[in-house]
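What you see below is based on every heavy atom in this structure, not just the backbone, and it leaves out hydrogens, waters and symmetry mates. Keep in mind that this is a model prediction, so the values were computed, not measured.
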Amino acid sequence: MSEYVNPVYPATFADPFVLRHGGFYYAYGTAPGGADGRAFPVLRSPDLVNWESLGYALVPPGGHDFWAPEVAYDNGTFYMYYSAQGIEGRDHQLRVATSADPAGPFIDAGVVLVPEQPFSIDAHPFKDDDGQWYLFYCVDFLELEDDHRVGTGIVVDRLLDMKTLEGKPRMVHRPHEDWHLFLNGRTMYGNVYDWHTVEGAAVLKHDGLYYCFYSGGAWERENYGVSWVVADHPLGPYRRPEEGGRALLMSTLAGQLIGPGHNSFVASPSGNETWIVYHAWGPDRAGRRMCIDRLRWEHGRPATDGPSATPQPAPA
């Protein structure tokens, strides 16, 4: 039986998103740009374990600090959703780029998806069984409501087409746990807050329910991890797990894989397994690198043995 050991790619590859297309896996991540001025490294693999670099995917329209690419395929076109800072002097804004090839080049479509928001990141396109597309993404919440904390949270909106949102976002999840803390005393929007964060939505449909997985906490610290909320429809309302907010992934391997999170999901080569793809820091803290572990379901709850740092059976 073949095996793998995390991380499965040696270079910085944060916020990993994996698309399966045409018998291959394509991975896109947040990392320093290429010498050609392009953003987002793109990798290809036949098996989720052995990856080759295909260069960089996005031809940027300007700006800097390009984050968290995710790619959807629809009617012969690949759509890359990502955020960029500094275009027209603005903070991070969600944009979309298109390509005829999963490796790119992706050319920006000149569209800001949520122009009314001063800050928006971490777009996650999700296609339901009826063919309807939705976009999950993150914005900032400054008001106190119920037990929610001030900080970054997740909303969802219907896509009218692959470049146009309906403009009726609904709240999916806001930070509420102590482990969602990003930073105490953070200066934001002209005020000082104890800032909390949930981000990086990734949706799976299982037994008729919609599980929105998210990453919470501070991306550069040990409290970063993955949990979920669940709903009967992509637009919600979403509810927390009945047994509380126990995380799916946390830093259980002290000094080996630290701060696992910002995941995506993909089927194994046989299609019989679901794998979680995520990033984690190594002990050198030199960069967040791509890791994988198998997802399973126990009594209707998602579970994984990750983060793993010892040899594991490879995806089947």
Minimum-distance pair of heavy atoms, taken over all atoms of Arg20 and Ser270: NH2-N, 4.5 Å

Using a 4.5 Å cut-off on heavy atoms from C-beta on, say whether the side chain of Trp281 contacts that of Tyr224. no

Answer yes or no: is there a donor N or O on one side and an acceptor on the other, between the side chain of Asp157 and the main chain of Gly167, under 3.5 Å? yes

On a heavy-atom basis, which atom in His180 and which in Gly216 lie closest, and how many Å separate them? CD2-CA, 4.1 Å

Considering only heavy atoms from C-beta outward, does the side chain of Leu113 approach that of Arg95 to under 4.5 Å? no

Test your reading of the model: is there a side-chain donor-acceptor pair from Trp195 to the backbone of Arg149, 3.5 Å cut-off? no

To the nearest 0.5 Å, atom CD1 of Ile276 lies from atom CG of Asp293 at 8.0 Å

So Tyr134 and Lys127, do their side chains get closer than 4.5 Å, heavy atoms only? no

I'd like to know if Val18 and Tyr278 are part of one continuous hydrophobic network [Ile/Leu/Val/Met/Phe/Trp/Tyr, side-chain heavy atoms within less than 4.5 Å]. no

Taking the six-membered ring for Trp, are Tyr238 and His173 ring centroids under 6.0 Å apart? no

Quick one: list whatever passes side-chain hydrogen bond (donor to acceptor under 3.5 Å, both in side chains) with Thr98, sequence neighbours left out. none

Between Gln93 and Ser83 (side chain of the first, backbone of the second, donor and acceptor by atom type, cut-off under 3.5 Å), is there such a pair? no

Return the minimal non-hydrogen interatomic distance between Cys138 and Ile154, and the atom names on each side. SG-CG1, 3.8 Å

Among all residues two or more places apart in sequence or in another chain, which pass the side-chain hydrogen bond (donor to acceptor under 3.5 Å, both in side chains) test with Asn50? Asp47

Are Tyr26 and His21 close enough that their ring centres sit under 6.0 Å apart? no

Is it true that, when you exclude Asp178 itself, more than 12 heavy atoms of the residues, nucleotides or ligands shown sit nearer than 6.0 Å to its CG? no

Less than 4.5 Å apart, side chain to side chain, heavy atoms only: is that true for Arg38 and Pro105? yes

Minimum-distance pair of heavy atoms, taken over all atoms of Tyr137 and Pro169: OH-CB, 3.6 Å

Can the ring centroids of Tyr4 and Trp275 be said to lie less than 6.0 angstrom from one another? yes

Ring centre gap for Tyr82 and Tyr28 strictly below 6.0 Å: no

What verdict does the side-chain hydrogen bond (donor to acceptor under 3.5 Å, both in side chains) test give for Thr164 and Asp161, after you've listed the backbone C-alpha separation in whole Å, the side-chain angles of each residue and the deciding distance to 0.1 Å? CA-CA 5 Å; Thr164 310; Asp161 59 49; 2.9 Å; yes

For salt bridge (charged side-chain N to carboxylate O under 4.0 Å, His left out), just list the numbers for Asp305 and Arg294, CA-CA rounded to whole Å, side-chain angles, deciding distance to a tenth of an Å, and then say yes or no. CA-CA 7 Å; Asp305 293 328; Arg294 188 169 66 89; 5.7 Å; no

State whether the side chain of Arg90 and the backbone N or O of Pro115 hold a donor-acceptor pair below 3.5 Å, judged by distance alone. yes

Do any N or O atoms from the side chain of Asp194 and from the backbone of Gly185 form a donor-acceptor pair under 3.5 angstrom? yes

Is Asp122 reaching over with its side chain to a backbone N or O of Gly200, donor-acceptor style, under 3.5 angstrom? yes

Salt-bridge test for Asp147 and Arg240: reply yes if a basic N is under 4.0 Å from a carboxylate O, no otherwise. yes

Taking ring-ring contact (aromatic ring centres under 6.0 Å, His included) as the definition, give me every residue that meets it alongside His206, ordered by chain and number, with sequence neighbours left out. Trp297

Determine which pairs satisfy ring-ring contact (aromatic ring centres under 6.0 Å, His included) with at least one residue from residues 43-68, sequence neighbours left out, and list them in order. Trp67-His92

Using atom types as modelled and distance alone, determine if a side-chain donor or acceptor of Thr30 lies under 3.5 Å from a backbone N or O of Ala68. yes

For the pair Ser215 (side chain) and His262 (backbone), establish whether a donor and an acceptor sit closer than 3.5 Å, ignoring hydrogens and angles. yes

Would you say that more than 12 heavy atoms from the other residues, nucleotides or ligands in this model lie under 6.0 Å from the CG of Asn75, or not? no

Are the side chain of Ser268 and the backbone N or O of Thr274 linked by a donor-acceptor pair below 3.5 Å? no

Closest non-hydrogen atoms of Val230 and Leu209, given as atom of the first, atom of the second and distance, are CG2-CB, 3.8 Å

Non-hydrogen atoms of Gly29 and Phe13 that approach each other most closely: N-CZ, 3.3 Å

Quick check: are there more than 12 heavy atoms from other residues, nucleotides or ligands sitting under 6.0 Å from CD of Glu116? yes

Pairwise side-chain contact, Val49 with Ile292, heavy-atom cut-off 4.5 Å (strictly under): yes

Can you name the side-chain hydrogen bond (donor to acceptor under 3.5 Å, both in side chains) partners of His279, sequence neighbours left out? none

Is there a donor-acceptor contact under 3.5 Å from the side chain of Asn223 to the main chain of Leu181? yes

Side chains of Thr304 and Leu248: does their closest heavy-atom pair fall under 4.5 Å? yes

Can you list the residues that meet the side-chain contact (heavy atoms from CB on, under 4.5 Å) rule with Ala309, with sequence neighbours excluded? Leu253, Gln256, Leu257

